[in-house]
Amino acid sequence: MSTQFRASYYQHNGSAITTAPSLHSCSSFIISKLPDHPLSGNERSLVLGTSLSFNSNKETTSVIRRRKRKNFEHGIVASSSNAAAPIWESWKPQKGSSNPSLSDILWPSAGAFAAMAILGKMDQILAPKGFSITIAPLGAVCAVLFATPSTPAARKYNVFMSQIGCAAIGVLAFSIFGPGWLARSAGLAASIAFMIYARAPHPPAASLPILFIDGVKLHSLNFWYALFPGAAGCIILCLIQEIVCYLKDNVKF
């Protein structure tokens, strides 16, 4: 298979007329431009014909075509720019990340300690009334806010939208299905759908429906559970996060 083209150049009255081929076509083509009248003595004409042939091996071409046809039939798509990473890559530390400094480790840890200490003190105050603000999901919130403050899950919108919405979904699922696996499954599924729809992914909030359904002491809160203890506890954690981020940026060692 070959592709040939010609380029003809004419010089008419001292001006050059150039006709160049387009390489967008894969079929054979010829481009030429001839004058409409015979050339006189004062009209000089210079015609340059150039032909290029690109010959490919027929056997190689047929092999490639058969291979492409076979891959297409089996649904195999190859991509040179997006090569699939080995499955074990996700089990390794992220490439290019430098070792954290001592201050990057100490301040988030100190913030988590302070958060749980403050919430524990509040539990002592609320104990006579039978309430507790310290719940397991707030530990996951501390990890998100203090260790990864720049991730989408740590945005204030994500935190409070998901905490309030998922807690309310848990109460609603319990009211409809009662205690049991169906309420837990429906509550978790609805919470994930809500976070995706609201564009507020915040993983710790997904545990709030299950916590309410299985926590008998929380049933008396009813829909107040949407605000307490999850959202109320996050207010304290967000305040501590501001202090932790300030210390990480300004006090390094």
Side-chain angles (χ1 to χ4, degrees), residues 89-123 126 131-171 173 184-185 187-215 218 221 224-252:
E89 283 296 327
S90 61
W91 294 84
K92 299 178 181 179
Q94 185 177 0
K95 293 182 179 180
S97 59
S98 58
N99 294 329
S101 62
L102 181 60
S103 58
D104 290 337
I105 299 174
L106 178 61
W107 294 129
S109 302
F113 180 87
M116 289 297 106
I118 293 174
L119 295 178
K121 188 62 178 179
M122 295 182 66
D123 284 342
L126 296 173
F131 296 112
S132 175
I133 196 173
T134 303
I135 55 176
L138 292 181
V141 175
C142 286
V144 172
L145 293 181
F146 303 152
T148 58
S150 59
T151 58
R155 297 181 69 245
K156 306 301 185 295
Y157 169 81
N158 294 36
V159 172
F160 289 100
M161 178 64 72
S162 297
Q163 288 282 335
I164 295 173
C166 293
I169 289 173
V171 178
R184 290 193 294 269
S185 302
L188 179 59
S191 296
I192 294 175
F194 169 77
M195 287 189 287
I196 296 174
Y197 176 78
R199 294 179 295 176
H202 182 67
S207 61
L208 291 177
I210 300 175
L211 179 66
F212 180 83
I213 294 169
D214 294 340
L218 298 173
L221 292 174
W224 284 106
Y225 178 70
L227 300 177
F228 182 89
C234 286
I235 295 176
I236 299 173
L237 298 185
C238 287
L239 293 176
I240 298 175
Q241 183 205 28
E242 297 298 326
I243 300 175
V244 170
C245 291
Y246 175 82
L247 293 174
K248 284 179 63 177
D249 293 338
N250 296 277
V251 183
K252 295 181 179 294

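Please read these numbers as outputs of a predicted model, since none were measured by experiment.
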Quiz prompt | Cys142 vs Met116 side-chain heavy atoms within contact, under 4.5 Å | solution = yes

Quiz item: Can you find a heavy atom in the side chain of Lys252 that is under 4.5 Å from one in the side chain of Leu102?
Solution: no

Exercise. For the residue pair Pro108 and Lys248, establish whether any side-chain heavy-atom pair is separated by less than 4.5 Å.
Key: yes

Quiz item: Does the side chain of Leu188 come within less than 4.5 Å of Pro209's, by heavy atoms?
Solution: no

Exercise. With rounding to the nearest 0.5 Å, note down the distance linking OG in Ser191 to CD1 in Ile196.
Key: 11.0 Å

Quiz item: At their closest point, which heavy atom of Leu211 faces which heavy atom of Pro137, and how far apart are they?
Solution: CD2-CD, 3.9 Å

Practice problem: With rounding to the nearest 0.5 Å, note down the distance linking OG in Ser207 to CG in Asp214. | Solution: 11.5 Å

Table please: side-chain donor-acceptor pairs of residues 225-247 below 3.5 Å, with sequence neighbours left out.
| from | atom 1 | to | atom 2 | distance (Å) |
| --- | --- | --- | --- | --- |
| Tyr225 | OH | Leu208 | O | 2.9 |
| Gln241 | OE1 | Lys156 | NZ | 2.9 |
| Gln241 | NE2 | Leu145 | O | 3.1 |
| Glu242 | OE2 | Lys156 | NZ | 3.4 |

Exercise. Check the side chains of Thr134 and Ser132 for a donor-acceptor pair under 3.5 angstrom, ignoring hydrogens and angles.
Key: no

Quiz prompt | Partners passing side chain to side chain contact (heavy atoms under 4.5 Å, CB included) against Thr148 (at least two apart in sequence or in another chain) | solution = Val144, Thr151

Quiz item: side chain to side chain contact (heavy atoms under 4.5 Å, CB included) with Ala200: which residues, sequence neighbours excluded?
Solution: Tyr157, Asn158, Met161, Ser162, Ala198

Self-check item: Test item: Asp123 side-chain N/O and Ile133 main-chain N/O as donor-acceptor pair under 3.5 Å
Solution: yes

Quiz item: So, do Cys166 and Met195 sit near enough that their side-chain heavy atoms are less than 4.5 Å apart?
Solution: yes

